[in-house]
Visitor: 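A single structure is presented below for examination.
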Amino acid sequence: MQQRRKTIFLALVATVVALNLFLVGLLTVALGEAKLRKEAEVRTTVDNLARLLDQSVSSSIRGIDQSLREVQLHLERSLRNQTPLDDAEVVAQVSFHESWLAQIAELRVSDERGNVLLGHGVTPGTRVNYGDRDFFVMHRAHDDGRTLASKLLYGRISGTWITVFSRRYNHPDGRFAGVVTAAVPVQHFQQLLAGLQMGPRGIALMRDTDLTLIARAPSLDAPAGRVGSQGGSQELADLLASGQSHATFYSARTADGVNRTNAYRKLALMPAFVVVGMGEEDYLAQWRADVRKAAILSGLFLLVTVCTAWLLWRLIRANERAHRRSQILLQNASDGIHIIDRQGRVIEASDAFCRMLGVPRSEAIGMNVAQWDVALSEAEIRALIERVHASREVTTFETTHRRSDGSERAVEITAFSLDLHGQPVIFGSARDITERKQADENLRIAATAFDSQVAMLITDAQQCIVRVNAAFTDVTGYAADEVIGQTPHMLSSGRHDAAFYALMWSDLNERGSWQGEIWNRRKSGEIYPQALSIGAVKDEHGRVTHYVSTFIDITSNKSSEEQVRKLAFFDPLTQLPNRRLLLERLEHAVRSCALHKGKGALLVVDLDNFKSVNDTAGHHEGDMLLEQVSRILQNCVREEDTVARLGSDEFVVMLEALSEDDMEAARHAEIVGTKILQALHRTFQLGSSEHRGSASIGITLFGENPAESVDEPLKRADLAMAQAKLAGRNHLCFFDPQMQADIHARAELDAGLWSALEKGQFFLQYQPQVSADRRIIGVEALVRWRHPERGMVSPADFIPVAEENGLIVPLGRWVIETACVQLAQWAADPAKADLSIAVNVSARQFRQERFVADVCEILDRTGADPARLELELTESSLVTDVESVIRKMDALKARGVCFSLDDFGTGYSSLAYLKRLPLDQLKIDQGFVRDILDDPNDAAIARTVIVLAESLGLRVIAEGVETEAQSAFLGAQGCHAYQGYLFSRPLNVADLEAFLAAWRP
């Protein structure tokens, strides 16, 4: 015993030492990793700040570069037009860009000798010359067409440190004309640096490649911190010499004596670099605080573990004494003797008690009462223990124990409270009374279950079937030995979902019973309805032990109910829904339309001359006709639509879930109505007689007003049906006359388009296209329709319909072929041989697989010069399958065909795709040209399109030019060609040729 105590003591000491060493090691590793993570995070942060600073500086430089480019272009355009540099327009242009750059730089213009002529701070008395500046010398010596950035300079006009960005501009013959400069004060860069969040000891600085200081934040009141001073650490000098674009480094030898982690980044657009650093004292402050906390935590942990080991040692000594005393008392008892503490844990148990639970004694010690007692909840166990302790008397009660093998035994417990070594405990004696309880239970089941003559089923608390009676076998077909041990789920029909059973068990658990109707399955597989009642059998403690179910077969009752329902909701002759069911469905459909923003339609179908059938052939033949009509109507609609009979010869068809658009919904309703008219316009065989049938149909839409009563759509449809009868029967009519007229007009236009193409009613007109020097360079082919009755039909009316019905494909092919025939004819006339014809191609036509083959076949057949054919695409042709568009354009470009992008800027064109498209020309939409002199936005858009086309090497043509002022403005911006009423309206071939003969540039 003494040796065992010594071993335990040494083990406790070793455990305390090991735990404290483990904690110290763990904290050391964690703090080390935390420091490494923090340093890596700081390196990432300063690198991101340096990148952000680089982007901010680059963004400003790009804006300066764009302004310098535009001033350069304007100055060169003025020199081409022999406009002096002191002209008001030139001065206004420079002033505009000067004001735009006012927050960043000072814009100035010098001549070829370096004399500053225009710009910020320049007055007639200004005598400043750039002739000796490095950037001026470089521009005068080399025309490299790019913007130069200088190192730090001292401004002669501003009197402060600046960085100069400059571009060369030339005379029309390419000679050096002067320099446009933008001087950026160092205060601009100082503001960019000051905006960074770097902490109290952080720093951001900017130096040129000579290590001359441009800006520093925060400012340093020392020679090394003044703008224009040269300096910098050895690390910066090494990085600059290595040629690296960016890097991070640690600096312990800074000018202000602060250790920092820094990020270096060389600027791409000017000869300078930036450095962003964060102070080590700032970013490691929290880590050092965590080190102090860890030291305190280690001390507290040492104190706690020592105290815990001491208390544990005392507890071990006490347990040894208690163990010796209890062994003698417990091991020879016949009942299951066990001692538990106030928490319900076993502190001693006899062999009989361990056998009762089916566990060895080593497992029994320490078990809680809740681990084997299944009759009482944990709260009830705690209350019982407190009651036994408080009463100090012997308490006897019954409960249920679960053995280790899962079986359960009923036991009787005798318990009383006592003190053991000063601690209150409960002494308990357990006796197995399972056989006695089983006998009592059998008596209760027999008394409850088998006094009834209805079908009965009894399950245990786990829903396993334990008994059934003879009536159960009669109803279900299952014998007792086939179901005992199974669950009632074997009788399930599959018609009820999980929610149904969840609700049933909820009621059963709350009230102890449930009644209702349910569908189950017989042994034969037949599904039948039951009237089912379920009751719970509980013991003396109110716990459920069994469930007793009684049920009867109600198949005959259900058949009667179904028959009553059919009589109430369905027409007995046709088996179609009657008025009552129709109104219910119509009400639901109106609500659905309001929810889903759709429309529905009602069609009232009335048979023509039905009364004559009853009068001549008899009511029997009339009923036969109604039955045949009902079947025809059902075949004419979708499965989700409703066909109802209101009475006599009047039927109603309800169409649901139609389009949100009234016209589309009406067109669908008209299609169904026409289908019904055609199906009913036939000869019906009625026994020994025949009847030539037809019908009148009234149509109305519903769903527009969810608040209207369901009778209103029926009234409107009835009125429309009456109008159809007045129109001569065998006819359909919409309630809204204007809607009906619109549908008919669109249908006539749809049908007339195909006929027009077949009968040659289409012809082409040509609108001339004029170059900047007033030469006719080509024409645009425009399709026109001359209807024999309606006269000229506007393209705005028939082109959208042609797009929708697919006629645009053969019509577009006809336009291309007609234009190519005209090109072939003009090729023989020297005066017209150089003219090109532009043809609009729709997106639907261009997406056709055979489009390229069709164009090539037309060119081969007509002999037209492909270089004179220009296909105009709209931006809608580019929004899908861009790769396919490019392949088709490349194939036609290989044949010499030209491409123009029509209405550019009115849609959405990705510039990434635009630069890949093999285009020859951009066309400025007439919507921008119309107000180009009054609307600055339209003027800016037109100017942007021209600059974009020039940068991509494309021609530009403006359409819709109607005045000389518009033409002059566009010409001043660099537009190449024009088209519009200023020059000519669209003309037919004869008028065009007369126009060409009379045209003088």
Visitor: Can a salt bridge be assigned to the pair K923 and E780 using a cut-off of 4.0 Å between side-chain N and carboxylate O?
Guide: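 Result for this pair is yes, salt bridge flagged.
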Visitor: For the residue pair R638 and V672, establish whether any side-chain heavy-atom pair is separated by less than 4.5 Å.
Guide: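 R638 does not reach V672 side chain to side chain.
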Visitor: Nearest 0.5 angstrom please: Q979 CD to Q767 CD, how far?
Guide: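 The CD atom of Q979 sits 4.5 Å away from the CD atom of Q767.
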Visitor: Under a 4.0 Å threshold between the charged nitrogen and the carboxylate oxygen, would R887 count as salt-bridged to E883?
Guide: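 No, this pair does not count.
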Visitor: Check L602 against P713 and note the closest heavy-atom contact, atom names and distance.
Guide: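 Here L602 and P713 meet closest at CD1-CB, 3.5 Å.
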Visitor: H691 and N609: which non-hydrogen atoms are nearest, and at how many Å?
Guide: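 Closest approach of H691 to N609: CE1-O, 4.1 Å.
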Visitor: To the nearest 0.5 Å, what is the distance between CD1 on I816 and CD1 on I837?
Guide: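 These two atoms lie 12.0 Å from each other.
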Visitor: Sub-3.5 Å donor-acceptor pair from the side chain of R682 to the main-chain atoms of G693, do we have one?
Guide: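 Side chain of R682 to backbone of G693: no pair is present.
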Visitor: Step through the shown structure and confirm whether more than 12 heavy atoms of other residues, nucleotides or ligands are within 6.0 Å of CD on E849.
Guide: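 Check fails, neighbour count at 12 or below.
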Visitor: Could you tell me whether the side chain of T674 and the main chain of E670 form a donor-acceptor pair under 3.5 Å?
Guide: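 At least one qualifying donor-acceptor pair exists.
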Visitor: Are any of the side-chain heavy atoms of H681 and S694 separated by less than 4.5 Å?
Guide: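 Counting from C-beta outward, H681 and S694 do come under 4.5 Å.
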Visitor: Is a side-chain N or O of R645 found less than 3.5 angstrom from the main chain of L576, in a donor-acceptor match?
Guide: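 Absent.
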Visitor: Between E872 and A838, which heavy-atom pair has the shortest distance, and what is it?
Guide: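 Here E872 and A838 meet closest at OE2-CB, 3.4 Å.
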Visitor: Is the W814 ring parallel, tilted or perpendicular to the F762 ring (thresholds 30°, 60°)?
Guide: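 Correct class here is tilted.
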Visitor: Any side-chain heavy-atom pair from N840 and L782 closer than 4.5 angstrom?
Guide: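 Yes. Closest side-chain heavy atoms under 4.5 Å.
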Visitor: Is it possible for you to check whether R847 lies under 6.0 Å from the centre of the six-membered ring of F851, through NZ or CZ, and within 45° of that ring's axis?
Guide: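 Checked: cation-pi criterion not met.
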Visitor: Mark yes or no for whether R716, through its side chain, and G698, through its backbone, hold a donor-acceptor pair below 3.5 Å.
Guide: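 Not confirmed, R716 side chain does not pair with G698 backbone.
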Visitor: Keeping the roles fixed (side chain from N578, backbone from L581), state whether a donor-acceptor pair exists under 3.5 Å.
Guide: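 Checking the backbone N and O of L581 against the side chain of N578, a donor-acceptor pair under 3.5 Å is found.
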Visitor: With a 4.0 Å cut-off on N to O distance, would you call D608 and K725 a salt bridge?
Guide: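 Judged by the 4.0 Å cut-off on N to carboxylate O distance, D608 and K725 do form a salt bridge.
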Visitor: Does the D991 side chain pair with the main chain of N988, one donor and one acceptor, at a distance under 3.5 Å?
Guide: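 It does not hold such a pair.
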Visitor: Quick check: are there more than 12 heavy atoms from other residues, nucleotides or ligands sitting under 6.0 Å from NE2 of H588?
Guide: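 Counting neighbours around NE2 of H588, 12 or fewer heavy atoms of other residues, nucleotides or ligands fall under 6.0 Å, so no.
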Visitor: Where is the tightest heavy-atom contact between G960 and V929, given as atom of each residue plus distance?
Guide: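 Smallest interatomic distance, heavy atoms only, reads O-CG1, 3.8 Å.
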Visitor: Should E857 and R861 count as an ion pair when the cut-off is N to O under 4.0 Å?
Guide: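 Salt bridge between E857 and R861, a charged N being under 4.0 Å from a carboxylate O: yes.
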Visitor: Does the side chain of T818 come within less than 4.5 Å of Q822's, by heavy atoms?
Guide: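 No, every pair of side-chain atoms sits at 4.5 Å or beyond.
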Visitor: Between K888 and Q848 (side chain of the first, backbone of the second, donor and acceptor by atom type, cut-off under 3.5 Å), is there such a pair?
Guide: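 Here the side-chain-to-backbone pair exists.
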Visitor: Please report the closest heavy-atom contact between P768 and R985, naming both atoms and the distance.
Guide: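 Here P768 and R985 meet closest at CD-O, 4.1 Å.
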Visitor: I'd like to check N805 versus W754 (side-chain heavy atoms, cut-off strictly below 4.5 Å). Are they in contact?
Guide: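 In short, these two side chains touch, coming nearer than 4.5 Å.
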Visitor: As a quick check of understanding, evaluate side-chain contact (heavy atoms from CB on, under 4.5 Å) for L873 and M889, giving each step before the final call.
Guide: CA-CA 10 Å; L873 304 179; M889 292 178 70; 3.9 Å; yes
Visitor: Take L749 and R790, measure what side-chain contact (heavy atoms from CB on, under 4.5 Å) needs, and give me the verdict at the end.
Guide: CA-CA 11 Å; L749 189 61; R790 300 172 59 182; 3.6 Å; yes
Visitor: Out of curiosity, T700 OG1 to F734 CZ, how far, rounded to the nearest 0.5 Å?
Guide: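 That separation rounds to 9.0 Å.
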Visitor: Report the C-alpha separation of F702 and E712 in whole Å, then their side-chain angles, then the decisive distance to 0.1 Å, and conclude whether the side-chain contact (heavy atoms from CB on, under 4.5 Å) test is met.
Guide: CA-CA 9 Å; F702 64 84; E712 289 302 318; over 6 Å; no
Visitor: Taking the side chain as every heavy atom from C-beta outward, state whether V841 and V815 have any atom pair closer than 4.5 Å.
Guide: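 Not touching, per the 4.5 Å side-chain cut-off.
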Visitor: Evaluate the side-chain proximity of I932 to I924: yes if any heavy-atom separation is below 4.5 Å, no if none is.
Guide: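 Not in contact.
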Visitor: Looking only at non-hydrogen atoms, find the nearest pair between A756 and W785 and report the distance.
Guide: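 Distance-wise, the nearest heavy atoms are CB-NE1, 3.3 Å.
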Visitor: Taking the side chain as C-beta and beyond, is there a heavy-atom pair between F651 and V653 under 4.5 Å?
Guide: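 No - every pair of side-chain heavy atoms lies 4.5 Å or more apart.
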Visitor: Taking atom CZ of R585 and atom CG of L582, what is their separation to the nearest 0.5 Å?
Guide: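 If we round to the nearest 0.5 Å, R585:CZ and L582:CG are 8.5 Å apart.
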Visitor: What's the spacing between L532 CG and L491 CG if we round to 0.5 Å?
Guide: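 Interatomic distance, L532 CG to L491 CG, rounded to 0.5 Å: 10.0 Å.
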Visitor: Without swapping roles, check the side chain of S659 against the backbone of E664 for a donor-acceptor pair under 3.5 Å.
Guide: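 Here the side-chain-to-backbone pair does not exist.
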Visitor: So L680 and V605, side-chain contact (heavy atoms from CB on, under 4.5 Å) or not? Walk me through it.
Guide: CA-CA 10 Å; L680 295 179; V605 182; 4.0 Å; yes
Visitor: Nearest 0.5 Å, please: how far is OG1 in T642 from CG in L633?
Guide: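 One gets 12.5 Å once the value is rounded to the nearest 0.5 Å.
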Visitor: Looking only at atom types and distance, does a side-chain atom of D497 sit under 3.5 Å from a main-chain N or O of F500, one as donor and one as acceptor?
Guide: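 Flag set: sc D497 to bb F500 pair under 3.5 Å.
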